[in-house]
Q: 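I am attaching a structure below and will ask some questions about it afterwards.
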Amino acid sequence: MAGLKSAGVDVQECAIAGGGIRQWLKLIKKYIKADKDYDIMFLAHGGVQLAAPLAKILSRKKVIADPIISLYDTMVYDRKKCRRLSFRGFYYYFLDWLMVKLADIIILDTNENINYFSKNFYADKTKFRRLFIGSENLLCPKIIDNSIGREFIVHFHGYFIPLHGIEHIIKAAKILENESIVFRIIGRGQTYGELKKLADELKISNIFFVNPIPRDKIQEYVCNSDVVLGIFGNTGKTARVIPNKVYDALATGRAIITADTPAARELLEDGNNCLFCRAADPKDIADKIMILKNNPNLLEKIADGGYKLFKEKLKPKIITAEFKKILQEACMHYD
């Protein structure tokens, strides 16, 4: 939204924090009082699936939706909160399906995600547009030469959910606990308890679990690291998404190790701006970390290659320009 404003687009924000019936009523009242002289309603962030029907009821404008994820896939297959053939499973599927049907254009972060939505919710691919997530631009100082004997810092931040495969990071840390390598894992979530128990049972001494950090502070921690880890789960979603932490690493000029997936290959190139490893494979994660630790020149090459990629394709100004084109196309196509 800040990018659009800086690009000369008139943006009216109509949002309410939190959920529940009272909050939705507040949102409706806020919209009723808002200026109706606009061209497109953009649905973003959490609650897009619930907001789509409301948007169609309240507004006759064209609707662009950015759901980020499928509720059905996330709750049924990734987080396993309910079964596929259950009332809640049907409910989440219906919300995704309805949002896809009601929105005029849907923005997603990868072509793999577009393929999933198009196939599973029966929508023509022409309705979708790919737009990479991007990140704020914050290039960090060069990494200190590890030959002086300081510990090598491996960083991860994110929710403790199956998508991320944090259990494989923990097991990789165990493999490397005698290599002067420190793992810093920031976050909490669904699987935190069982994964913290796993680390305790393995008696791992080189992992530090850190409480969640505000989004605007995360990049300070990313900068204070040698390698940033992406995702390593074996869920279907793992193959379809590129997580925020990858963009954060690119924006800060830090080397990335992440699972080799179709989605990741839409943006990244192995050995040039990242190192790929096999998903759900602690040994391969550990091997790739050691390769970077023992090869400072390769570490610097990947970090520099990642930042070059960020400057060429992912800077906020570039993402905003692509988003603005999508908005303009919607206005022209549907007038």
Side-chain angles (χ1 to χ4, degrees), residues 1-5 7 9-79 81-82 84-109 113-131 133 320 322-335:
M1 296 298 96
L4 287 179
K5 291 176 183 177
V9 178
D10 181 15
V11 178
Q12 302 178 52
E13 296 187 54
C14 184
I16 294 292
I21 295 177
R22 287 186 178 181
Q23 295 303 97
W24 282 103
L25 291 175
K26 289 180 181 180
L27 180 62
I28 293 172
K29 289 180 181 179
K30 191 171 183 179
Y31 175 76
I32 290 173
K33 295 179 181 179
D35 182 1
K36 304 302 187 298
D37 184 21
Y38 62 90
D39 299 294
I40 291 174
M41 179 177 283
F42 177 57
L43 308 180
H45 310 300
V48 168
Q49 283 85 346
L50 288 170
L54 185 61
K56 281 296 186 180
I57 292 172
L58 294 176
S59 173
R60 293 185 179 181
K61 307 292 185 178
K62 299 305 173 182
V63 173
I64 296 181
D66 182 3
I68 302 175
I69 60 171
S70 157
L71 286 178
Y72 174 72
D73 177 54
T74 297
M75 303 306 287
V76 174
Y77 294 106
D78 185 27
R79 302 188 186 183
K81 291 289 188 178
C82 59
R84 180 174 66 89
L85 299 176
S86 66
F87 176 79
R88 287 181 67 194
F90 174 78
Y91 171 70
Y92 291 127
Y93 180 89
F94 177 74
L95 288 179
D96 280 336
W97 175 85
L98 188 60
M99 180 273 300
V100 168
K101 295 300 178 185
L102 294 178
D104 295 291
I105 291 178
I106 299 165
I107 295 175
L108 292 167
D109 60 329
N113 232 354
I114 288 174
N115 291 338
Y116 173 83
F117 270 79
S118 175
K119 178 180 178 180
N120 286 274
F121 304 114
Y122 304 99
D124 195 300
K125 286 185 181 179
T126 58
K127 176 175 277 196
F128 298 88
R129 303 291 184 276
R130 185 184 72 174
L131 185 66
I133 294 172
T320 297
E322 292 182 8
F323 185 27
K324 188 175 179 181
K325 287 181 181 178
I326 294 173
L327 298 177
Q328 291 171 334
E329 173 198 356
C331 291
M332 293 174 59
H333 185 68
Y334 292 108
D335 277 350

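One is the number of the first residue; the rest follow in order along the sequence.
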Q: Inspect the contact between Asp104 and Lys61 and indicate whether a charged nitrogen and a carboxylate oxygen are less than 4.0 angstrom apart.
A: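 Result for this pair is no, no salt bridge flagged.
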Q: With a distance cut-off below 6.0 Å to the six-membered ring centre and an angular limit of 45° from the axis, does Lys36 pair with Tyr31 as a cation-pi contact?
A: yes
Q: Are Asn115 and Lys125 close enough, and set up right, to give a side chain to side chain contact (heavy atoms under 4.5 Å, CB included), and what steps lead you there?
A: CA-CA 7 Å; Asn115 291 338; Lys125 286 185 181 179; 2.8 Å; yes
Q: Drop me the distance from Asp73's CG to Asn120's CG, to the nearest 0.5 angstrom.
A: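 Asp73 atom CG to Asn120 atom CG measures 8.0 Å (nearest 0.5 Å).
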Q: Taking C-beta and beyond as the side chain, do Tyr77 and Arg84 meet within less than 4.5 Å on heavy atoms?
A: yes
Q: Looking only at heavy atoms, which two atoms of Asp109 and Asn113 are closest? And how far apart?
A: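 Closest approach of Asp109 to Asn113, heavy atoms only: OD1-ND2, 3.0 Å.
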Q: Hey, does the side chain of Lys324 reach the backbone of Ala7 with a donor-acceptor pair shorter than 3.5 angstrom?
A: yes
Q: Considering residues, nucleotides and ligands other than Phe90, do more than 12 of their heavy atoms fall under 6.0 Å from its CZ?
A: no
Q: State the CG-CZ distance between Leu71 and Arg79, to the nearest 0.5 angstrom.
A: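 Answer rounded to 0.5 Å: 9.5 Å.
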Q: Taking all atoms of both residues into account, what is the closest heavy-atom pair of Leu98 and Pro53, and its distance?
A: CD2-CG, 3.5 Å
Q: When rounded to the nearest 0.5 angstrom, what is the spacing between CD1 in Ile64 and CD1 in Ile326?
A: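 Rounded to the nearest 0.5 Å, the CD1-CD1 separation comes out at 7.0 Å.
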Q: Working to the nearest 0.5 Å, report the span between OH of Tyr116 and OG of Ser70.
A: 4.0 Å
Q: Is the NZ atom of Lys81 crowded by more than 12 outside heavy atoms at less than 6.0 Å?
A: no
Q: Are the side chains of Val48 and Asp66 in contact, using a 4.5 Å heavy-atom criterion?
A: no
Q: How long is the span from the CG atom in Leu102 to the CD atom in Gln49, to the nearest 0.5 Å?
A: 11.5 Å
Q: Are the side chains of Pro67 and Asp96 in contact, using a 4.5 Å heavy-atom criterion?
A: no
Q: Please check if the side chain of Ser118 supplies one atom and the backbone of Ala123 the other of a donor-acceptor pair under 3.5 Å.
A: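 Yes; judged by distance alone, with no hydrogens or angles, the pair exists.
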Q: Step through it carefully: locate the ring centre of Phe94, locate the ring centre of Tyr72, and say whether they are under 6.0 Å apart.
A: no
Q: So, Lys127 side chain and Val100 main chain: donor-acceptor pair closer than 3.5 Å or not?
A: yes
Q: To the nearest 0.5 Å, what is the distance between CG (Leu43) and CD1 (Ile107)?
A: 10.5 Å
Q: Please name all residues satisfying side chain to side chain donor-acceptor pair (under 3.5 Å) with Thr74, sequence neighbours left out, ordered by chain then number.
A: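 Lys237.
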Q: So, Arg60 side chain and Ile57 main chain: donor-acceptor pair closer than 3.5 Å or not?
A: no
Q: I want to check something: taking the side chain as every heavy atom from C-beta on, are Leu4 and Leu327 in contact at a cut-off of under 4.5 Å?
A: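 Result yes, sub-4.5 Å side-chain heavy-atom pair found.
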Q: For residues 13-29, which side-chain donor-acceptor pairs fall under 3.5 Å, sequence neighbours excluded?
A:
unit_1	atom_1	unit_2	atom_2	d
Glu13	OE2	Lys5	NZ	2.8
Gln23	OE1	Lys26	NZ	3.4
Gln23	NE2	Ala17	O	2.5

Q: How far apart are the closest heavy atoms of Ile105 and Ala330, and which atoms are they?
A: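 So the minimum-distance heavy-atom pair works out to CD1-CB, 3.7 Å.
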Q: Between Lys101 and Phe121, does a side chain to side chain contact (heavy atoms under 4.5 Å, CB included) hold up when you go through it step by step?
A: CA-CA 8 Å; Lys101 295 300 178 185; Phe121 304 114; over 6 Å; no
